[in-house]
*Asks:* 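Submitted below is the structure of interest, expressed as structure tokens.
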Amino acid sequence: MVMMTAPNPEMFETVACYLCGSKETRPLVSAEDDLTGKPGRFQFVTCAQCGLAYQNPRLKLEQISAYYDDEYIAHRKKTNWGILTPLYRHAMGKHDRNKIALVSRYLPLHAQSAVLDVGCGAGTFLAEVKARFGAMVVGIDFKDLSGTAWLDGVDFRCGLFYEQDFGAQRFDLITMWHFLEHDYDPLRTLRTARDLLAADGRVVIEVPRLDSTTWRWYHERWPGLQAPQHTVLYSKKKLLQGIAAAGMEVVDYLPYGAFPAYFYVFAGLAFKHLKGRGLDLAKAIYPYFLGQLLCSPLLIFEKRLNLAMQSVICRKRP
Ligand SMILES: [Zn+2]
């Protein structure tokens with residue numbers, strides 16, 4: 001675990017509602033960094049005008065990168081998990097295969113497809129898309145992970161999505177897998193995505209769902225809070241409002257995603273037990289897979305239980 005001191009008040013900034021601009025808020029929940037156990041308390045509020053839940057104050061952009069260290073799960077460089085390595089690889093590979101299966105229901109991918117993944121992390125999804133379909137793949141992340149093998153064949157851009165210059169390039173598919181809840185300007189991101197879509201292109205967004213079963217179970221220890229990285233907590237209603245406000249329309253809405261809801265079931269229990277001490281993934285990996293085995297009868301119904309995730313497939317409004 002990385003030793004850090006608690007963030008001081010100068011590291012934070014107050015934000016207005018990302019959707020309606022109101023500064024009137026009500027407290028929602030106070031959270032800790034349950035995932036890594038770094039010190040600090042972080043406040044989430046609800047907009048008094050429109051009901052959007054978001055972190056306020058939030059860490060300034062230049063402060064947040066310290067919270068995305070090498071332990072951060074989406075930036076996983078660790079590949080050696082001892083005897084569980086094959087199981088871990090299978091689980092991670094399955095996550096990318098789930099993403100491709102989800103996307104393929106709405107858009108046939110092929111060698112001429114142009115695919116953009118916003119918040120691409122280590123790039124495993126794009127590497128899989130390229131390997132399977134031969135598509136042109138572009139990835140963006142604000143953390144430079146260009147050293148990873150998966151980003152080898154990827155046109156990787158480091159920085160903020162809406163500051164990239166793509167010239168005349170348009171994309172058939174733009175994906176945001178657990179990106180929008182980290183974003184510092186989600187409406188601008190959604191509008192940028194709309195503008196970058198090819199005529200019949202699709203945007204696929206997956207985020208944790210605030211109005212879900214695991215939120216009701218775990219509340220201040222809900223893994224979807226992921227303080228301080230998560231800036232916005234989307235209910236179904238607010239997510240769809242944001243998409244409409246960005247000039248897109250919904251092709252389909254799913255009360256699940258490619259990311260296993262079981263992770264939230266497991267992590268919420270662990271967070272309640274650990275009370276902010278941080279989850280040691282190397283120790284948690286055994287109970288994680290054991291729990292998954294025990295929960296497997298329940299998880300058959302995962303897609304109907306509204307456990308934790310949501311995805312939206314959308315397109316440009318004509
Ligand atoms: Zn609002």
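As the structure lists them, so they are numbered: ligands from 1, and atoms in each ligand from 1.
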*Asks:* Mind listing the protein N/O/S atoms less than 2.8 Å away from the Zn ion (ligand 1)? Waters don't count.
*Replies:* Cys17 SG, Cys20 SG, Cys47 SG, Cys50 SG
*Asks:* State whether a side-chain donor-acceptor pair under 3.5 Å links Tyr234 with Glu181.
*Replies:* no
*Asks:* Indicate whether the side chain of Tyr162 and that of Asp185 have a donor and an acceptor atom separated by less than 3.5 Å.
*Replies:* no
*Asks:* Parallel, tilted or perpendicular for Phe12 and Phe42, by the 30°/60° rule?
*Replies:* tilted
*Asks:* State the CZ-OH distance between Arg209 and Tyr256, to the nearest 0.5 angstrom.
*Replies:* 12.5 Å
*Asks:* What pair of heavy atoms forms the shortest contact from Ala114 to Asp172, and how long is it?
*Replies:* N-OD2, 2.8 Å
*Asks:* Would a line drawn from the ring center of Phe171 to the ring center of Phe166 be shorter than 6.0 Å?
*Replies:* yes
